[in-house]
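A quick write-up on the structure given underneath.
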There are 8 protein chains.
Amino acid sequence: MGDRAPQGGSARVSVGVIMGSQSDWPTMAHAVHILEEFGIAHEVQIVSAHRTPDRLIDYAKSAANRGLRAIVAGAGGAAHLPGMVASMTRVPVLGVPVQSAALSGVDSLYSIVQMPGGIPVATFAIGKAGATNAGLFAAALLAGDDADLATRLDAWRAAQTEGVAMIPVREG
Amino acid sequence: MGDRAPQGGSARVSVGVIMGSQSDWPTMAHAVHILEEFGIAHEVQIVSAHRTPDRLIDYAKSAANRGLRAIVAGAGGAAHLPGMVASMTRVPVLGVPVQSAALSGVDSLYSIVQMPGGIPVATFAIGKAGATNAGLFAAALLAGDDADLATRLDAWRAAQTEGVAMIPVREG
Amino acid sequence: MGDRAPQGGSARVSVGVIMGSQSDWPTMAHAVHILEEFGIAHEVQIVSAHRTPDRLIDYAKSAANRGLRAIVAGAGGAAHLPGMVASMTRVPVLGVPVQSAALSGVDSLYSIVQMPGGIPVATFAIGKAGATNAGLFAAALLAGDDADLATRLDAWRAAQTEGVAMIPVREG
Amino acid sequence: MGDRAPQGGSARVSVGVIMGSQSDWPTMAHAVHILEEFGIAHEVQIVSAHRTPDRLIDYAKSAANRGLRAIVAGAGGAAHLPGMVASMTRVPVLGVPVQSAALSGVDSLYSIVQMPGGIPVATFAIGKAGATNAGLFAAALLAGDDADLATRLDAWRAAQTEGVAMIPVREG
Amino acid sequence: MGDRAPQGGSARVSVGVIMGSQSDWPTMAHAVHILEEFGIAHEVQIVSAHRTPDRLIDYAKSAANRGLRAIVAGAGGAAHLPGMVASMTRVPVLGVPVQSAALSGVDSLYSIVQMPGGIPVATFAIGKAGATNAGLFAAALLAGDDADLATRLDAWRAAQTEGVAMIPVREG
Amino acid sequence: MGDRAPQGGSARVSVGVIMGSQSDWPTMAHAVHILEEFGIAHEVQIVSAHRTPDRLIDYAKSAANRGLRAIVAGAGGAAHLPGMVASMTRVPVLGVPVQSAALSGVDSLYSIVQMPGGIPVATFAIGKAGATNAGLFAAALLAGDDADLATRLDAWRAAQTEGVAMIPVREG
Amino acid sequence: MGDRAPQGGSARVSVGVIMGSQSDWPTMAHAVHILEEFGIAHEVQIVSAHRTPDRLIDYAKSAANRGLRAIVAGAGGAAHLPGMVASMTRVPVLGVPVQSAALSGVDSLYSIVQMPGGIPVATFAIGKAGATNAGLFAAALLAGDDADLATRLDAWRAAQTEGVAMIPVREG
Amino acid sequence: MGDRAPQGGSARVSVGVIMGSQSDWPTMAHAVHILEEFGIAHEVQIVSAHRTPDRLIDYAKSAANRGLRAIVAGAGGAAHLPGMVASMTRVPVLGVPVQSAALSGVDSLYSIVQMPGGIPVATFAIGKAGATNAGLFAAALLAGDDADLATRLDAWRAAQTEGVAMIPVREG
C-alpha cells in the first residue's frame, strides 16, 4: 500500500487519518495539524465507505497488523466510514462528523455516534473542533505509554491555558 | 450460502430481505408478509454491518449474480447496513429505518437516507409502515416487467381503497 | 399530452422527472443529468401538487399506461407531490426532498418519507445528492431487465471508484 | 354522496370533518364534540389522501358547491390530506396534525403547516388540543356573520374563563 | 384609535394585520399585498406583545366591536402575539411564524401553533409563504358570505394554476 | 385579591408561584416544596395566559406594588404565561417549561426562553428539575440581601453535596 | 485578582460578566451595554470552563465573598461555564447560550438550561437577545432592594414601550 | 481516596468509571460489565459535576498520577461531568450520554460531544449501547500496548460475530 503517505518523520506510522472525500479535507486538516504539532508519525488518505468499499476493507483489516494505534476517520451525511472501519479492526477509531449542507452535521453526528453495543466509535464534535480534538485525543491515547509525549501534551495544555486572555478585547 | 432460506415457492429468489439483528424482526416482518402475500420468491437473513462485516460483503457482492432484483435492508441507530450493501452492488437497495430507543428512529432515518451522490438507497418510513412499503415497492419494481404481478398489485391497491370505510366508527 | 418533452433519444419514455416548481430545477437537474448520461429516455415536467392538482391527477393516472417505469418527483416544504403521485399509480415513485428556506429540507424529507403503509415512496437525500441518486436508482431499476444498461451502470460505478484519489490535496 | 352523515340537526351542513383513517378518530372526535356543543350542522367522513385519492378529489371539488364554510382535516405522518383538499377548493381548510408513532407528530405538523405560498391551510396544535381548537375556530369563523353563534361563542369562552380555579388542588 | 391606517378603500376595515416589530415587516408585507390585491379593507399596525402589552390588550379587546372579521398576526422567537390576541377576542386569529435568527423560526412556529385547547390560533408556514397564505386565508374566510369575493378568489386561484409552466426552464 | 393563599408564615409574601392550569401542579409542586423548605413566604395560584388573560394582567401589574421579589411561572406547549407576566412587571420572572405531550416540552422551552431583547424571562430546565431550580433560584435571589437565608442556602447546598454517595449501589 | 476590570464607577462590583472566549464578546457585549446604561458596577472577564478550569474555580468560589449579586455567564457549544460556576457559588448565575456554528446554539441552550435539580442556572435566549436580557434581569434583580434602580428600570421599560412605532415603515 | 473501590483483581487500577448520580448506574453498569469481562482493573464512583464539584476536581487532577489510562464518565441532561474531567487531566475521557426524561438524551449528547477545540471528550451512543462501547473502547485503548488483552479482544469480537444467527426467528 505504497500509496499511503507516511508523515511526521521516519518513525513507524501510529495514527491513520482517513476521510470520505476531498471535500472533508478543510475539516480534517485540523486533526493533521495537531499530529504534526506533536510529531506523531501518521498517514493521510481518502477512504470512501461508499465509493471505495474495497479500499475501506483493506484499510481496516490491515490496520492492526500495520501497527496503527488509532484511526481518525471523518465523514459527513450518512457517515458510515468510522463505523465500518471499526467493524473490521480492534484499533480505536475516532470519528469526526463533518458539517453537512442541509442538516449542519446532525446527520453526520447521529450516523457516527449511535453505534450499536459491540462496535465502539469514539465521536467528537461536528466540524473543526471535532477534528482538532480527535488529533488531541490520539495524542492523549499514545501518551498513555509514552512519557515524553505525555510531558509534551501537558505542556501544550498548559500553554493553551496560559493563552486565554483575562479580559476580552472590546471588538466585533 | 445454503443457510439462506429461499421462500415463496420454488422460483428463483428475486428479493432479499436482510436486517441488522434479531430485534429488527418485528419491524421487518411486515416487508416479508407483503412478499408472501404476492408470492414473490424471497430470502430472509440477518446481516449485521457492524458485527458481521464479512457476511455483509459476501451478501452484497453476490447479489447481482444470484439474480436478486431488490434488497430490502432494515437497521436502526447508526444504520449502516443499507448504505454499505448499496456500495457493493448495483441491485436496488430499499432501506427501512427501524425505530430506535433514544432517538425514535431519527438516527436510523438520517443514517440511511442521507447517502452521498453516487450510491443510492431508496428509503422508506420509520418502522412498520416503512417495512410494509419497502415490500410493496419491491413488488412494484418487479411489476415493471411482470404483467401478471402488475395486475395483482393493481388489485391489491384497489382492495385497499375499497377497504377504507366512509364513516369513522365512534370508538376509542 | 404533447407538452411533455421526451428526451434521451427516440426510445419510448421510461422515466418521468417532475418537480413542484421552477425553483426546484437546480436540484432536479442532477437527476436529469444522470438520465442523460445513461441515455435513458425520459421526460421533464413541472407538476405542482398544490397549484396544478388536475395536472397531477392526469400525470399520475396515465403513468402506467404510458409505459413509465419510474417517476422521479422532487418537491420542498410540505412536499406532497411524490406521495400524491404514488397514491394514483403503481409505477415506482422516487421522491427527492428539495432543501427548503427555513427548515433546510427537514420538512420536505418528513413530508415525503413518512408515508403510511400501503402507498410507498422511495425517498432519497435532501437536495443535490438525493436528485443524483434518484437518477441512479432509476437506472438501477431499469437495469434489472436490461443487461446492457446493467453493464453500463457497473462501468459507471467502477469509474466512480477509480475517480477517488488516494491522498487528499492539501487545499482549502 | 349519500354516505356522508349530516349531523347537528336538519340545517344545511356547514362544516365537514374529515380524517385520513379510523385511527385518527380519537383525536378528531374532539373537533366533532365542539361542533356538536355549538349545534353546528356538520358531516364526518374518512377521506384518505393516499388510499382513496378519488374520494379526496370528489370531496374537495364539491365542497364549495355543497355550501361548506370550513373543512376540518386531520392526518398523521406524511399528512397530505389538508393540503390536497386545499389545493382543490377555496373553502377554508383547518388542518389538525395527528400525533404519530415515531416522530410524535412533528412529521404531521411539518407536512401540514409548511404549505407553499398560494394554497393556505390553517394549522392547529398536534393532537387533541389542535382538534378542539379547529372546531372552535370553525365556530369563530361562522360567527362572523351569525350573531347568535357569536353570542354563544362569547358565552362559551366566558364559561371557560370562569372554570379556571384560583388555587391549584395539591394532588398528583 | 386614529393611529391605525385603514387601507384598501373607504370600506369598513375587515382585516387587521399586526406584527411584533418593524423587523417583521418584510415578511408580513406579503399578507398585506394579498389583501391589497383583493381590495379587502384592512389596517396595518405594530403591536408588540412584550413591549406594548397595553396596546395588545386594547387591540384585541376592541377587535370584535370594531367589526374585524380576521386578524393576521406575525411574530418571531417566543412569538406570543397571535396567542395573546386570541385569548382576548373571538375574532379568528391567523398566526404567521416569522423566521428567527438562531432557530430559523421553529421557535416561532411552536410558540404559535401549540396553543392549548380552548383558544385557537390558525397557523401558517414560517416566513413569506405563511404571510401570503394568511392573507389568502383571510380572503377565503370573507368569501364565505361574499359571493363577489369568492368569484375573484376562484379567478385568482385559476390564474395561479394557469401560471405554472409545463416545462422547467433549464437555468440556475 | 383575597383568593390568593399566602403561605410560608405570616411574613409578607415575597414569591409568587403561578401556573397555567391544574395539570401543571405535579411539576410546579417542586418549586413550592423548596420555598416551604426555606420558609419563604409565598402564594400559589392558577393564572392562565390564554383562558384568564384578565387575571394575568391583574396579577402582573400588581406584582411590584404587592412587594413580590420574584414570580415563578410554569406553563406548557405554547407557554406564554412567563413572558406575558414579564411584559407587565419589572419583578424578576422565573419560567418553568412544563413537559408537554407531543413535543416533550421543547415547545414549552422555546416559547419561554426565546424572548426578544427587552423583556427577560429567566428559564429553567423542562419539568421537575426546572421547578426545583426555580425555587432554589428564588431563594438565592432573596439571599442577596438576607444573610440568614444565605446561610441556610449554603447549608442546604452543603447537605446536598454531603448526600452524594461515593460508590453507586449495584441495583436496577 | 487585580486583573479583573471593575467598571461602572467606583461602586463595589455587584455583577460579574464572564464568557468562555474572546469569540463570545460580540454577543456578551449586549449584556455589558445594559449594565453600563444602568450604571451598575460590574466587571468583565474571560473564564473558560475547559481551558482555564482553575480560573473558573477561583472565580466561582470567591464570588459570594466578593459581594457579587449576580454572574452573567455566556458560552457556546458544550457550554459548561454557567453550570459549573453555579455548582460552586450560591450567587445567582444567569446563563447566555451563544450561537454556535453547526447547531445554531441549540447545543449551547441545552447544555445551559437542562441543569439537574439542585443547581439552578437562569437561562436566557440564544445570542444577542439573551445577553441583553441577562443584563436587564440582573438590573431587575438588584432593583429588588434598590428603589432608585427600580425607578430607572421602570423608566427604561416605559421608554422602550414608547419607542414602538404604531405603523410599520414599508421598507425592506 | 480509600473510598474508591478498586475492582477487577489486585492489579493497579487502569480505568475509572464515574457517573453523575445513582440513577446513572443502570446505564453505566454496562461499561463495568465489559471491564469485568476483560479482567481490567477498574474503580467505580459517583462524581457529580454539579453537586460535588470538589470531588470532581480531586478526581480529575489526580487521575494521571494515579495511573489511570482512561476515564469512562456518564451523565445526563446538562451533562458537564465528562467535559469538566477532561479539562483537568490529559487522561483520555470517554463520555456516555445517559438518556434523559424530557429530551431522550439529545441534551446529554450535545452537552458531551460538542466540546470546543482543545479539550477532547470521546463520545459514545446514548444509553446502554454507549456504556457498553465505552467499556470496549477502553479495552481497545489498553490493548494497544497489551498483546494479551489484544488477543482476548479479538476473540471477544470473533465470538460476537459468531453469535449472530443467520436467519431471524419469526417471533414478536
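No experiment lies behind these values; they were computed from the predicted model shown. Letters go in sequence order (proteins before strands), and every chain restarts at 1.
Atoms CD and CD1, from D:Glu43 and B:Ile167 in turn, are 8.5 Å apart once rounded to the nearest 0.5 Å. The distance from the CZ atom of B:Arg170 to the CE atom of D:Met28 is 12.0 Å, given to the nearest 0.5 Å.
Side-chain N or O atoms of B:Thr161 include none that pairs as donor or acceptor with a backbone N or O of D:Thr52 at under 3.5 Å.
In terms of heavy-atom proximity, D:Ala102 sits nearest to B:Ile126 at CB-CG2, 3.7 Å.
The residues B:Glu162 and D:Arg55 are annotated as not salt-bridged, no charged nitrogen and carboxylate oxygen being separated by less than 4.0 angstrom.
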- Chi angles and distances behind the side-chain contact (heavy atoms from CB on, under 4.5 Å) call for B:Val169, D:Gln22: CA-CA 7 Å; B:Val169 179; D:Gln22 174 66 40; 3.7 Å; yes

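Taking 4.5 Å as the limit, some side-chain heavy atom of D:Val44 sits within range of a side-chain heavy atom of B:Pro168.
Within the 4.5 angstrom heavy-atom criterion, only side-chain atoms of D:Met19, from C-beta onward, approach chain B. Heavy atoms closer than 4.5 Å to chain B are found in the side chain of D:Leu103, but not in its backbone. In this structure, no portion of D:Ala29 lies under 4.5 Å from any heavy atom of chain B.
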